[in-house]
Amino acid sequence: MTSKRVAYLDFYRYLTVSFAIMSHAIIAHHVTARVPQDIAIYIKALTRTATPSLIVLFGMMIEIVYVKKWRNDQRSTLGTISYRIILCYLAFFGLAAAEFLTGDVGFKRLMSSAMLIAPNTNGNIFKLYIFLLALIPPIIFIRTRFGGIGLILCAVIAFTAHHFLIRPWAPSRLLLITLAGW
């Protein structure tokens with residue numbers, strides 16, 4: 001029986017998770033403060049690639065796994081995504097409950113975490129995945145209906161809306177700097 005897993009994606013996931021764990025350990029133990037600055041720069045450059053790599057991997061998984069599954073059975077795909085959202089929520093809330101039970105946070109903070117308002121020390125990645133997973137159905141709908149151009153248009157609209165609606169006080173030169181990469 002052959003596996004449906006994509007080996008290079010599993011290896012990529014292994015590397016990104018390893019770099020994320022290393023990054024957390026390096027930060028917790030203040031490693032970069034104990035090594036020469038020129039070496040610390042390389043350590044940070046390597047380990048800080050974990051988060052953007054996980055986002056890229058997430059996008060690849062949408063395209064490789066969920067789009068194909070969506071085309072075959074939308075209801076099953078929504079069920080799978082919902083199940084994963086519930087698992088991420090339970091993990092996030094479980095970590096918040098552990099903080100509460102150990103006395104690190106109060107009941108108000110626990111309830112705020114339960115409503116996904118407050119962060120918790122070790123579980124924010126689960127909260128991020130809750131929201132990212134919830135975005136999968138609209139992303140797939142746009143992708144299958146309008147192609148890559150639809151996704152690019154949505155990204156441009158979101159970026160523009162953020163810049164002009166959420167940050168109206170930002171000088172317009174910042175938009176040019178962001179777009180030009182200066």
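Numbers here are sequence positions counted from 1.
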- Item | Test applied, side chain to side chain contact (heavy atoms under 4.5 Å, CB included); reference residue, Tyr129; option that passes from Ile85, Asn124, Leu54, Leu87 | Leu54

- Message: With side chain to side chain contact (heavy atoms under 4.5 Å, CB included) as the criterion, how do Leu132 and Ile55 come out once you've worked through the C-alpha distance, each side chain's angles and the decisive distance to 0.1 Å?
- Response: CA-CA 9 Å; Leu132 289 176; Ile55 300 297; 4.1 Å; yes

- Message: Taking salt bridge (Lys or Arg N to Asp or Glu O under 4.0 Å) as the definition, give me every residue that meets it alongside Arg143, ordered by chain and number, with sequence neighbours left out.
- Response: Glu63

- Message: Test of understanding: clusters of I, L, V, M, F, W, Y form through side-chain heavy atoms closer than 4.5 Å, transitively. Do Ile152 and Leu135 belong to the same one?
- Response: no

- Item | Straight-line distance of Thr51 OG1 to Ile125 CD1, nearest 0.5 Å | 6.5 Å

- Quick one: list whatever passes side-chain contact (heavy atoms from CB on, under 4.5 Å) with Ala118, sequence neighbours left out. Arg109, Ser112, Ser113

- Query: For Tyr14, which fellow cluster members are found when Ile, Leu, Val, Met, Phe, Trp and Tyr are connected by side-chain heavy-atom distances below 4.5 angstrom, either directly or through intermediates?
  - Reply: Phe11, Leu15

- Smallest heavy-atom separation, Thr49 atom then Ser53 atom, equals O-OG, 2.7 Å

- If you link I, L, V, M, F, W and Y whenever their side-chain heavy atoms are under 4.5 Å apart, who else ends up in the same group as Ile117? Met115

- Which residues satisfy the side-chain contact (heavy atoms from CB on, under 4.5 Å) test with Leu153, sequence neighbours excluded? Ile157

- Once you round to the nearest 0.5 Å, how far does CZ of Arg145 lie from CG of Leu151? 14.0 Å

- Would you say Phe126 has more than 12 foreign heavy atoms packed within less than 6.0 Å of its CZ? no

- Task: Kindly state each residue pair satisfying ring pair (Phe, Tyr, Trp, His ring centres under 6.0 Å) with at least one member in residues 69-89, sequence neighbours excluded.
- Result: none

Side-chain polar contacts of residues 91-106 - donor-acceptor pairs under 3.5 angstrom, sequence neighbours left out - could you list them?
unit_1	atom_1	unit_2	atom_2	d
Glu99	OE2	Thr121	N	2.9
Glu99	OE2	Thr121	OG1	2.3
Thr102	OG1	Ala98	O	3.0
Thr102	OG1	Glu99	O	3.0
Thr102	OG1	Asp104	OD2	3.3

- Item | Under 4.5 Å side-chain linkage, directly or through intermediates, the cluster mates of Val31 | Ile26, Val35, Ile39, Ile43

- Separation of Phe19 CZ from Leu46 CG (nearest 0.5 Å): 4.0 Å

- Query: What distance do Lys108 atom NZ and Met111 atom CE have between them, rounded to the nearest 0.5 Å?
  - Reply: 13.0 Å

- Message: As an exercise, state the distance from CG of Leu57 to CG of Asp10, rounded to the nearest 0.5 Å.
- Response: 9.0 Å

- Message: On a heavy-atom basis, which atom in Ile130 and which in Cys88 lie closest, and how many Å separate them?
- Response: CG1-CB, 3.6 Å

- Message: Going by salt bridge (Lys or Arg N to Asp or Glu O under 4.0 Å), name the residues that satisfy it together with Asp73, two or more places apart in sequence or in a different chain.
- Response: none

- Message: Using the side-chain contact (heavy atoms from CB on, under 4.5 Å) criterion, which residues pair with Phe131? Sequence neighbours excluded.
- Response: Leu116, Lys127

- Message: Tell me every residue that passes side-chain contact (heavy atoms from CB on, under 4.5 Å) with Arg48, counting only those two or more places apart in sequence or in another chain.
- Response: Ser23, Ile27, Lys44

- Item | ILVMFWY network linking Ile149 to Phe146, side-chain heavy atoms under 4.5 angstrom | no

- Task: Determine which pairs satisfy ring pair (Phe, Tyr, Trp, His ring centres under 6.0 Å) with at least one residue from residues 26-53, sequence neighbours left out, and list them in order.
- Result: none

- Item | Rounded distance (nearest 0.5 Å) linking atom CD1 of Ile139 with atom CZ of Phe58 | 6.5 Å

